[in-house]
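Residue numbers count from 1 along this sequence.
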Amino acid sequence: MKPVVLIIMDGMALSSHIVGNAFATAPTPNLDYLFANHPHIQLKAHGHAVGLPSDDDIGNSEVGHNALGSGQIIPQGAKLVNQAIESGQIFTSDVWLGLVNNVVANHTTMHFLGLLSDGNVHANISHLIALVEQAKKDGVAKVRIHILLDGRDVEAQSALGYVEKLSMALDSFNCDGFDACIASGGGRQVITMDRYGADWSMVKKGWQTHVLGLGEGFTSAKDAIEAARKANPNIIDQDIPPFVIVRDDQPVGKITNGDSVVFFNFRGDRAIEMSLAFEADEFDKFDRGNPLDVMFAGMLQYDGDNGMPKNYLVSPPKINNVLTHTLAEYGISQFAISETQKYGHITYFWNGNRSEKIDAKLEDWVEITSDLIPFEERPWMKAAEITDKVIKAMKSHKYGFIRANYPNGDMVGHTGDFHATQIAVAAVDLAIGRLMEAAKDEGVTLIITADHGNAEEMFEKDGKTPKTAHTLNPVPFIVFDEEVSIRLKDGDFGITNVAATVAELLGVESHCSWEESLIDEDTRH
């Protein structure tokens, strides 16, 4: 069978609306040719199709790559946490009881750290409120909350609404000796939520803000956000500088010895580094100050292979029988590549939340180091370098299956810069053109798809305000092979159907747990 190359255009979906559609309005001669001349359909990449609680839930890169790599609809983080809270199971777990008993016995503070939004991608404010309410019921007297502002998975300037919602809930709880308040915060792209070791300075700023109480002081989170808006009316929530809430010129909620700390994000990629800072005995990324003895827990375990964190409230999804494993059983060598921003997606999430290779002899992974500059300033990112490596892998004739992620549409799309995102899309199209030529030369079947939408919807409904969140739009699925005639099935399919499709093209039997292949067998010859 011919080798297969799968290209994931991260954050590029399909929409009939042209205003704000960087995907449709960018110069894309190669994609235009593919849509006009080669088999293509649309796939769902959100909601129930990728294991999220409802079809109102936008997709994201993590669940998207889980779905692509496993071929299965797996209940994902938000759904798992919802179920654990609704059943009460989360509050009877040994970890929750240990967190509570630690602060009750020592008369110390329970801290909650995480993303304050209802985007359901990294966290949900409803989970936080439920945790605080239960802490009070269980006898905790003092709670401090460290908020990370979103503006990425939700509207770009919506932070004040979430702060108000949380503050109203805390006001209703603050009686009978219970004291809960916001202690610190900042934009998610400025502090704490780095991933893949791209910028440890973000984590350092988060540690200084949340743990040490260092930073510009304000009497409330509302004041801090309004001050940032006064200084820059166009600032997106994710970029708001760090702040510390003070009373009598002192931080209200430093994290100190004997406290309990819960990172309430359920998604792992942007929680691992701060978890490591709390738990690692040997740590050289930055100076943490005096040794800190706290009980730390994540909402989920963010890295199962490395046991990070040791304590967690909800067990992460068990994903077995992934495509990589099946192909390895057939002895098929595989190559995975992206730049730093999506390297973990094409490896860890693709392989079912595993940090290690499933078969080290048959898997090669390549990471191209991302630039540490704002994405809108270099929207082509590392597309050329990724393409160079993919073509080299194709020409080596070593690999039966190659997968690559181009982060441009997602990472640049999240900045809200429409014109930069058009350039990002054009850069990926240029890469696809090079891959098409190489595929013809090397006798390779090329598949092009995406994990979720973003770049095709860059404005809010008013047609002017930048939109930085993912979308509910379907993603393309294109097959390019000038030597083989293939027809794709008509129907209601999602990105979980991609694994079986790749397997069929490779002559491999699909696992019984997978969604069906997209290839119409009666028309393939």
**Prompt:** Side chains of S70 and N66: do they bring a donor and an acceptor to under 3.5 Å?
**Reply:** no
In terms of heavy-atom contacts, T340 and T369 come closest through OG1-CA, 3.3 Å
task = Scan side-chain atoms only and decide if N321 and H325 contain a donor-acceptor pair under the 3.5 Å cut-off.
result = no
ask   = Under a 4.0 Å N-O cut-off, is there an ion pair linking D364 with K398?
value = yes
So, H65 versus Y348, ring centres under 6.0 angstrom or not?
no
Between H17 and S15, is there a side-chain donor-acceptor contact under 3.5 Å, judged purely by atom types and distance? no
Please evaluate residues H46 and H470 with respect to the criterion ring pair (Phe, Tyr, Trp, His ring centres under 6.0 Å), reporting the C-alpha separation (whole Å), side-chain torsions for both, the decisive distance (0.1 Å), and the verdict. CA-CA 10 Å; H46 74 282; H470 295 172; over 10 Å; no
Margin query: Would you say H122 and R152 are linked by a side-chain donor-acceptor pair, where the criterion is simply a distance under 3.5 Å?
Written below: no
query = Just wondering, more than 12 heavy atoms not from K44 lying within 6.0 Å of its NZ?
reply = no
Q) What do you reckon, is NZ of K2 surrounded by more than 12 foreign heavy atoms closer than 6.0 Å? A) yes
Note: D194-R188 ion pair, threshold 4.0 Å (strictly below):
no
Original post:
Are any of the side-chain nitrogens in R195 or E62 under 4.0 Å away from the carboxylate oxygens of its partner?
Top reply: yes
*Taking atom types as modelled and ignoring hydrogens, do the side chains of H146 and S184 form a donor-acceptor contact shorter than 3.5 angstrom?*
yes
Looking only at heavy atoms, the pair that brings E457 and N473 closest together is OE1-ND2, 3.0 Å
Of all heavy-atom pairs linking I235 and A228, the shortest is CG2-O, 3.9 Å
Modelled atom types, side-chain donor and acceptor of Y343 and S370, under 3.5 Å: no
Closest heavy-atom pair, L6 versus W350, reported as atoms and distance to 0.1 Å, is CD2-CH2, 3.5 Å
Q: Would you confirm whether the ring centroid of H127 sits within less than 6.0 angstrom of the ring centroid of F264?
A: no
Tell me, yes or no, whether the heavy-atom count around H397 atom NE2, taken from other residues, nucleotides or ligands under 6.0 Å, exceeds 12.
-> yes
**Prompt:** What orientation do F335 and Y399 show, parallel under 30°, tilted 30 to 60°, or perpendicular over 60°?
**Reply:** tilted
Here the pair of heavy atoms bringing T501 nearest to S517 is CA-OG, 3.6 Å
For A271 and Y302 the tightest heavy-atom approach is CB-CE1, 3.4 Å
Under 4.0 Å between a side-chain nitrogen and a carboxylate oxygen: does that hold for R267 and D269? yes
So L34 and M436, do their side chains get closer than 4.5 Å, heavy atoms only?
yes
| Taking atom types as modelled and ignoring hydrogens, do the side chains of D199 and S201 form a donor-acceptor contact shorter than 3.5 angstrom? | yes
Should we say atom NE2 of H38 is surrounded by more than 12 heavy atoms from elsewhere, each under 6.0 Å from it? yes
Subject >> Cationic N near anionic O, under 4.0 Å, K395 to E442 >> reply: yes
*asked:* Hydrogens and angles aside, do N454 and D410 bring a side-chain donor and acceptor to less than 3.5 Å of each other?
replied: yes
message: When you compare the side chains of S338 and E367, does any donor N or O come within less than 3.5 Å of an acceptor on the partner?
response: no
| query | Any side-chain donor paired with an acceptor under 3.5 Å for Q72 and T496? | reply | no
Problem set entry | Check: D481/T445 side-chain N/O donor and acceptor closer than 3.5 Å | yes
(Q) Please report whether the ring centroid of F283 lies less than 6.0 Å from that of W200. (A) yes
Looking at K467, I'd like to know if its NZ atom is crowded, meaning that more than 12 non-hydrogen atoms belonging to other residues, nucleotides or ligands lie closer than 6.0 Å.
yes
Side chains of T465 and E460 only: does a donor on one sit below 3.5 Å from an acceptor on the other? no
**Study point:** Donor-acceptor pair between S61 and H452 side chains, under 3.5 angstrom
**Key:** yes
